[in-house]
2 protein chains.
Amino acid sequence: MLSIGKLGARTGVKVPTIRYYEQIGLLAEADRSAGNQRLYDEKAVERLTFIRHARELGFPLDAIRELLSLSDQPDIPCGAADMIARRQLDAVRERMLRLKALQTELERMVAQCAHGTISDCRVIEVLGNHDLCLHPDHGH
Amino acid sequence: MLSIGKLGARTGVKVPTIRYYEQIGLLAEADRSAGNQRLYDEKAVERLTFIRHARELGFPLDAIRELLSLSDQPDIPCGAADMIARRQLDAVRERMLRLKALQTELERMVAQCAHGTISDCRVIEVLGNHDLCLHPDHGH
DNA sequence: TTACTTGCTCTAGCAACTGGAGCTTCAAGA
DNA sequence: TCTTGAAGCTCCAGTTGCTAGAGCAAGTAA
């Protein structure tokens, strides 16, 4: 049996975060020692590893909750899990596009900042100017 | 002079968000009408447009605050603004890398989900399995 | 003038944690 | 066995960047 600290070390999740996950019901309430300290087994390691990876991959906790509940009943079709992953993939692709635009913009800024004064520095100008805006979709 | 609603419509920023920006000092306190309603001029439109673009490009409000304070005193060297842009650029490059890895992972997941049941669905498996993990850096 | 929309302030809430205060329990060395 | 220090406990507050609601006042069009 593992203490919460060991569990955190093995999974790369901080101790308060583990307690937080328990609090919001993402992890079941842990068994306790005689002195009221949480004790974990290998199943908890797996579950928390799963959560950590999913978080790293950008899944919101709600999606993870869904995924976990799915994995608890492995006989139903995996379409739901697939859909969650697809949704996530779409979001990621969009984020990538926006970040790419941002990167280009910042690179241009840095290149154009010719060590003059702010008044001729494009860092301000580019962000204030609508015509240079890569996302002219006003109504988002 | 514009009401807060018009300002929001023109800049694509929601009304409560504008009030929030004023509250945290990102926008100066607006002039008021006889009936205590906020009134804005074209300068406010520009400033808020600047903020909106910067937010879209992923700048945190602190960086925007810095940028704005720089643009308020245009005679100082732009080294500071340049530095902020560089810092932001580094952060963006890192986010891009992580997102790229994530995208690959999700694409693999979706491709491998062969419409079976959860028990043979790789979405769950991939997230639980350490060996398939693209970020084996436990620390951080 | 009467509606109706928009505005006002204030408070509370969201995600997803993070950190601190003040206390108890555990593990290891002397 | 005692002691010391790390690690655990609970509870509460704070973070970022908003968003939503209550309960009003002000502005506007018919």
Side-chain angles (χ1 to χ4, degrees), chain A residues 1-27 29-40 44 47-48 50-68 84 87-88 91 95 98 102 127 139-140, chain B residues 1-27 29-40 44 47-48 50-68 87-88 91 95 98 102 139-140:
Chain A
M1 292 297 245
L2 302 165
S3 70
I4 196 169
K6 307 281 182 201
L7 177 64
R10 280 212 25 206
T11 58
V13 177
K14 286 177 190 160
V15 168
T17 304
I18 297 172
R19 286 197 280 248
Y20 169 72
Y21 286 163
E22 180 183 307
Q23 188 193 311
I24 64 170
L26 209 58
L27 293 175
E29 294 197 5
D31 292 336
R32 300 296 181 112
S33 72
N36 199 35
Q37 303 198 348
R38 288 172 182 83
L39 293 175
Y40 298 94
R47 203 173 171 94
L48 192 51
F50 178 101
I51 295 171
R52 181 182 147 238
H53 286 172
R55 286 296 300 135
E56 270 178 5
L57 291 179
F59 286 86
L61 290 183
D62 271 1
I64 296 173
R65 206 190 299 270
E66 271 185 280
L67 247 12
L68 281 171
I84 294 170
R87 244 189 283 138
Q88 209 56 30
R95 269 195 268 168
R98 305 227 283 117
L102 161 58
L127 286 175
H140 181 246
Chain B
M1 292 297 244
L2 301 166
S3 70
I4 195 169
K6 307 281 182 201
L7 177 64
R10 281 212 25 209
T11 57
V13 177
K14 286 176 190 160
V15 168
T17 305
I18 298 173
R19 286 197 280 250
Y20 168 73
Y21 285 164
E22 180 182 307
Q23 189 195 310
I24 64 168
L26 210 56
L27 294 175
E29 293 197 7
D31 292 337
R32 299 299 181 111
S33 72
N36 200 34
Q37 302 198 350
R38 288 172 182 83
L39 293 175
Y40 298 94
R47 202 175 171 92
L48 192 50
F50 176 100
I51 294 171
R52 181 183 148 237
H53 286 173
R55 286 295 301 136
E56 269 178 4
L57 291 178
F59 286 86
L61 290 185
D62 271 1
I64 296 173
R65 206 190 298 271
E66 272 186 280
L67 248 12
L68 282 170
R87 243 191 285 136
Q88 210 56 29
R95 268 196 269 170
R98 304 227 284 117
L102 158 59
H140 175 256

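What you see below is based on every heavy atom in this structure, not just the backbone, and it leaves out hydrogens, waters and symmetry mates. Letters A, B, ... are given to chains in the order of the sequence lines, protein chains preceding strands, and every chain is numbered from 1.
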Does a nitrogen or oxygen in the side chain of [X] sit under 4.0 Å from OP1 or OP2 of [N]?
X        : N       : value
Lys14(B) : dC18(D) : no
Tyr21(B) : dG17(D) : no
Ser3(A)  : dG8(D)  : yes
Thr17(B) : dT19(D) : yes
Arg32(A) : dT10(D) : yes
Arg38(A) : dT10(D) : yes

Nearest-angstrom distance from the residue atom [atom1] of [X] to [atom2] of [N]:
X        : N       : atom1 : atom2 : answer
Met1(B)  : dG7(C)  : CE    : P     : 15 Å
Leu26(A) : dA16(C) : CG    : C1'   : 11 Å
Leu2(A)  : dA7(D)  : CG    : P     : 15 Å
Ile24(A) : dT18(C) : CD1   : C1'   : 14 Å
Glu22(B) : dG17(D) : CD    : P     : 18 Å
Tyr20(B) : dT11(C) : OH    : P     : 17 Å
Ile4(B)  : dT19(D) : CD1   : P     : 13 Å
Gln23(B) : dA12(C) : CD    : C1'   : 13 Å

Earlier contact from the 5' end, DNA chain C, for Ala34(A) and Val15(B):
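In this pair, the answer is Val15(B).
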In terms of the nearest nucleotide of DNA chain C, which residue is placed more toward the 5' end: Ser33(A) or Pro16(A)?
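Going by which nucleotide is closer to the 5' end, it is Pro16(A).
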Step by step, work out the side chain to side chain contact (heavy atoms under 4.5 Å, CB included) result for Tyr20(A) and Leu26(A).
CA-CA 9 Å; Tyr20(A) 169 72; Leu26(A) 209 58; over 6 Å; no
State which of [options] makes the closest approach to the side chain of [X].
X        : options                   : result
Pro60(A) : dA16(C), dT19(D), dG17(D) : dA16(C)
Gln37(A) : dT25(C), dG17(D), dT19(D) : dT25(C)
Asn36(B) : dG17(D), dC8(C), dT19(D)  : dC8(C)

Remember a base hit wins even if backbone is also touched, and classify Arg19(A) as base, sugar-phosphate or nothing at under 4.0 Å, heavy atoms.
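Touches a base.
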Evaluate the side chain to side chain contact (heavy atoms under 4.5 Å, CB included) criterion for residues Val13(B) and Ile51(B): first the C-alpha distance (whole Å), next the side-chain angles of each, then the deciding distance (0.1 Å), finally the verdict.
CA-CA 9 Å; Val13(B) 177; Ile51(B) 294 171; over 6 Å; no
Measure the spacing between [atom1] of [X] and [atom2] of [Y] and express it to the nearest 0.5 Å.
X        : Y        : atom1 : atom2 : answer
Leu48(B) : His53(B) : CG    : NE2   : 10.0 Å
Arg10(A) : Tyr40(A) : CZ    : OH    : 14.0 Å
Tyr21(A) : Arg47(A) : OH    : CZ    : 12.5 Å

